[in-house]
Amino acid sequence: TNVLQSLLLEGVTINDEINLGDCQTVCFIEMGQEQVEVNIYEDGYFRYNHIATQGILGIFDILADRYHLRADEIEHLILSHSLDQLGEDRPGVPRFSSADDSTPAGKEDVAAIMLSYQVELINWIDGIHRVLFMFGGRQDRIDQILAYGDGFDYPGTADMLRHRIRSDIQVIESISSWNASTRSDRLGSELYRFVNLIGPISK
C-alpha cells in the first residue's frame, strides 16, 4: 500500500495516458494466483483495503474436483484453448480452438470444462464487484480503476472484469519513469521503494 501511495503522490503515468495525479479516487486491484487485493486511495492517501484469499488458482481446484483431473491439467487445458464468448449474464457454450492436439480430452469434454471455467470466472470477478460496493456503497465514487496480476495470464479475465464491473477499467501495462529523490543523499533511504515496486511492475 505504501508503494502504490507513492505512485499516486509522485503523479506517475499509467499506460502512457493516465496521470495518477489527476485522479481524486483510485482503486488498484491485484488479481493474483493466490489472492485478490483491493486498495483504494482518495486524494493520494490510503483509505480502504480488502484481501480475498481465493486467487485464480482456486478456480482450477474447483474444476479439478468436478472433472476428476489435477489442477495443473485444468490449467494447461485452459491455457491451451481460447474463449471468444465471455461476459454474458447467462454464458452460452464457448467456442474454442485447440492449441495443443495432445490434450487428452475430447471436444465435448473441453467445451464443458471451458464453460465451467467461464462460470467460475464470473463468480470470482463478481466477488471483486461486491468488495467495491463495500467501499461507501457507490462505484461512481471511484474515478479510476487499475488492475494488474497473474490472473490476466488466463483467457477472458480482462474482458470479463470490464464487462462485470466497469468498462473503463485499465489493466496496467506500463508505468512511467519515476525519480525517488532529486537529492542524492536521500536516495539510499528511498531505495526500498524501488525494490518493492518491482512486484507490481512484474505482475
Notebook entry, point to check: Going by heavy atoms in the side chains, are L4 and L8 under 4.5 Å from each other?
Noted result: no

Checklist line | Side chain proximity check, M31 to I125, heavy atoms < 4.5 angstrom | finding: yes

Notebook entry, point to check: Any side-chain heavy atom of V131 within less than 4.5 Å of one from Y48?
Noted result: yes

Next item on the list: Answer yes or no: is there a side-chain heavy-atom contact under 4.5 Å between T13 and L20?
Entry: no

Margin query: Return the CD to CG distance between E30 and L146, rounded to the nearest 0.5 Å.
Written below: 13.0 Å

Check: Atom CG of D153 and atom CD1 of I78: how far apart are they, to the nearest 0.5 Å?
Finding: 12.5 Å

Next item on the list: Could I get the full list of side chain to side chain contact (heavy atoms under 4.5 Å, CB included) partners for T25, not counting sequence neighbours?
Entry: I40, E42, F135, I142, D143

Check: Would you call F60 and H76 a side-chain contact if the rule is heavy atoms closer than 4.5 Å?
Finding: no

Check: Would a 4.5 Å heavy-atom cut-off, applied to side chains only, mark I113 and L69 as touching?
Finding: yes

Next item on the list: Specify the closest pair of heavy atoms between G151 and T157, including all atoms of both residues, with the distance to one decimal.
Entry: O-OG1, 2.9 Å

Checklist line | Any donor-acceptor pair under 3.5 Å from Y67 side chain to I74 backbone | finding: no

Checklist line | Residues E75, Y154; criterion side chain to side chain contact (heavy atoms under 4.5 Å, CB included); working and verdict | finding: CA-CA 9 Å; E75 181 181 15; Y154 301 93; 2.4 Å; yes

Checklist line | Shortest non-hydrogen contact between Q35 and A52, atoms and distance | finding: CB-O, 3.1 Å

Next item on the list: Check A64 against A71 and note the closest heavy-atom contact, atom names and distance.
Entry: CB-N, 3.7 Å

Checklist line | Straight-line distance of C27 SG to N39 CG, nearest 0.5 Å | finding: 8.0 Å

Margin query: Is there a side chain to side chain contact (heavy atoms under 4.5 Å, CB included) between Q54 and I62? Walk through the geometry before answering.
Written below: CA-CA 11 Å; Q54 183 185 19; I62 292 171; 3.8 Å; yes

Next item on the list: Mind listing the closest non-hydrogen atom pair of Q144 and C23 along with its distance?
Entry: CB-SG, 3.9 Å

Next item on the list: Determine whether Q170 and I14 make a side-chain contact, defined as any pair of heavy atoms from C-beta on separated by less than 4.5 Å.
Entry: no

Next item on the list: Would you check if the side chain of N15 reaches a backbone N or O of E17 as a donor-acceptor pair within less than 3.5 Å?
Entry: no

Check: Picking from I128, D126, L121, what satisfies side chain to side chain contact (heavy atoms under 4.5 Å, CB included) with R164?
Finding: D126

Next item on the list: Decide side chain to side chain contact (heavy atoms under 4.5 Å, CB included) for I145 and L132; before the verdict, give the C-alpha distance in whole Å, the side-chain angles of both, and the deciding distance to 0.1 Å.
Entry: CA-CA 10 Å; I145 301 178; L132 295 180; 4.1 Å; yes

Item checked: Side chain to side chain, V36 and W124, heavy atoms closer than 4.5 Å -> yes

